[in-house]
Amino acid sequence: MDRFMVEKSPPLRGNIRISGAKNSALPILAASLLGTEDIILENVPKLKDVEVMCEVLSYLGAKVELLDKGIIKINSANINKHETPYELMSRMRASFLVAGPLLTRLGRAKTSLPGGCAIGTRPIDLHLKGFRALGARIDVDHGNIGAHADELIGERIYLDFPSVGATENVMMAAVMAEGETIIDNAAMEPEIVDLSNFLNKLGGRIKGAGTSTIRIRGVKKLGGATHSVIPDRIEVGTFMVAAAITKGDITIEKVIPSHVKPMIAKLRETGCKVIEEEDNIRVIGIDEPKAIDIKTLPYPGFPTDMQPQFMALMCVSKGTSVAIETVFENRFMHVDELKRMGADIKIDGRSAIIQGVDSLMSAPVKASDLRAGAALVLAGLISDGITEISNIYHIDRGYEDLEEKFAKLGGKLYRA
Ligand code: UD1
């Protein structure tokens, strides 16, 4: 199985162009099941998770064609299956995002129940609450979950937590329901706005995405469209931290600065210089970044998907930092690995207390999930010797051309 070898690298310098957002591409690909005409998606990142979602769509009967790098053509006119097999579901939790589109398009959807994952149990009760409110019957048997509805009828739905996946799934189910659906306490992430824009291009009537109340007026049919996926704000954040941790100077191109406000604010608190231009962000590291505290929250709060990477920086910042994880219950799997590299971290419930050390040292470490893996890559860039990271299939799920991008900046990261 592939591993990454990360060598201590000079301060990273140069320009880097950001890929399309994984977390936008996945729901938009799932939503492509709703249109009956050709759909062209641009700026789609080449990632393992995207490949799995394309396999799911093909399995369900959609025609999926790669036209060029990052450009995918989908035609779902003749989808003919409503069941997603365990083998595909087990490879990626986000496959459950096809449930909403299948339910509204075919009147039924059946998938295996998504299992737990490294960062927590990740239930789907809120997705199901939304489907039920729209009139679907839900059955669970032998590890499968089925949803059926002769007709979906718009309803007012309150999400107990602003879950990203539940907001997306309910939005997709409601887009062709009869009448109006209102989602209260909806997630406000930029990826929700991207999905809503895409659905509206297909002919949907959705208002309020990006706020906590989304109103969806059901339409009879959706057609085709061309849509470009927004830049990946978590990839942006990861390279911002790469500049800070290596005391480098990186200009990150093709970004939407308003999507990464918490990362900009927190890096400024460390003392690093962050310069925002129209669609560029330049981060200039400093010799002794200061300790900071972060608390993960739904958007526009600090993203849980950036907590591990910031923790890598906190490990070598001056003073004591605290990271509080409120979104997932078990998202500190990277802590033991960072400790193997010489970090001084204590866990107390949902808080990690990080005492900055002068330097880290290489060690064989394991990526337990996608962002934990990214944190280990960042730590490896400043550790003496060669850090060997195993289980990098997690990292491949979410970062396009990672070695090439780091190489361009002078980072020494090799696949072995
Ligand atoms: C998405 C992102 C993931 C990110 C997360 C939070 C995708 C493909 N993945 O995941 O990268 O880390 O948002 O920003 O977009 N919850 C429930 N019941 C539910 C659904 C969720 O209790 O029915 C809880 C979860 O257990 C978790 C919290 O809500 O504690 C947030 O989960 P959610 O926002 O749904 O995350 P995902 O959509 O799975």
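Just follow the structure's listing: the first ligand is 1, and inside any ligand the first atom is 1.
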Ion pair check, [X] and [Y], cut-off under 4.0 Å:
X    : Y    : answer
E191 : R233 : yes
R3   : E388 : yes
R91  : E55  : yes

Is there a polar contact, in the sense of an N or O pair closer than 3.5 Å, between [X] and ligand 1?
X    : result
D125 : yes
F328 : no
E329 : no
V164 : yes
L126 : yes
D305 : yes
S163 : yes

Problem set entry | Residue list, side chain to side chain donor-acceptor pair (under 3.5 Å) with E235, at least two apart or on another chain | K405

Problem set entry | side chain to side chain donor-acceptor pair (under 3.5 Å) partners of D38, counting only residues at least two apart | N75

Exercise. Backbone, side chain, both or neither: what part of A166 comes under 4.0 angstrom of ligand 1, heavy atoms only?
Worked result: neither

Exercise. When you look for heavy atoms under 4.0 Å from ligand 1, do you find them on the side chain of E191, its backbone, both, or neither?
Worked result: neither

For [X], atoms of ligand 1 separated by under 4.0 Å from a heavy atom:
X    : answer
R331 : 12 (O)
G165 : 35 (O), 38 (O)
F161 : 28 (C), 29 (O), 31 (C)
V327 : 27 (C), 28 (C), 30 (O), 31 (C)
T304 : 6 (C), 12 (O), 14 (O)

Problem set entry | Between E325 and T304: side-chain donor-acceptor atoms closer than 3.5 Å | yes

For this session: State, with a plain yes or no, whether a side-chain heavy atom of I79 is found less than 4.5 Å away from one of L102.
Result: yes

Problem set entry | Pair Y399 + F406: ring centers closer than 6.0 Å | no

For this session: Mark yes or no: K81 above the aromatic ring of Y59, with NZ or CZ under 6.0 Å from the six-membered ring centre and no more than 45 degrees from the axis.
Result: yes

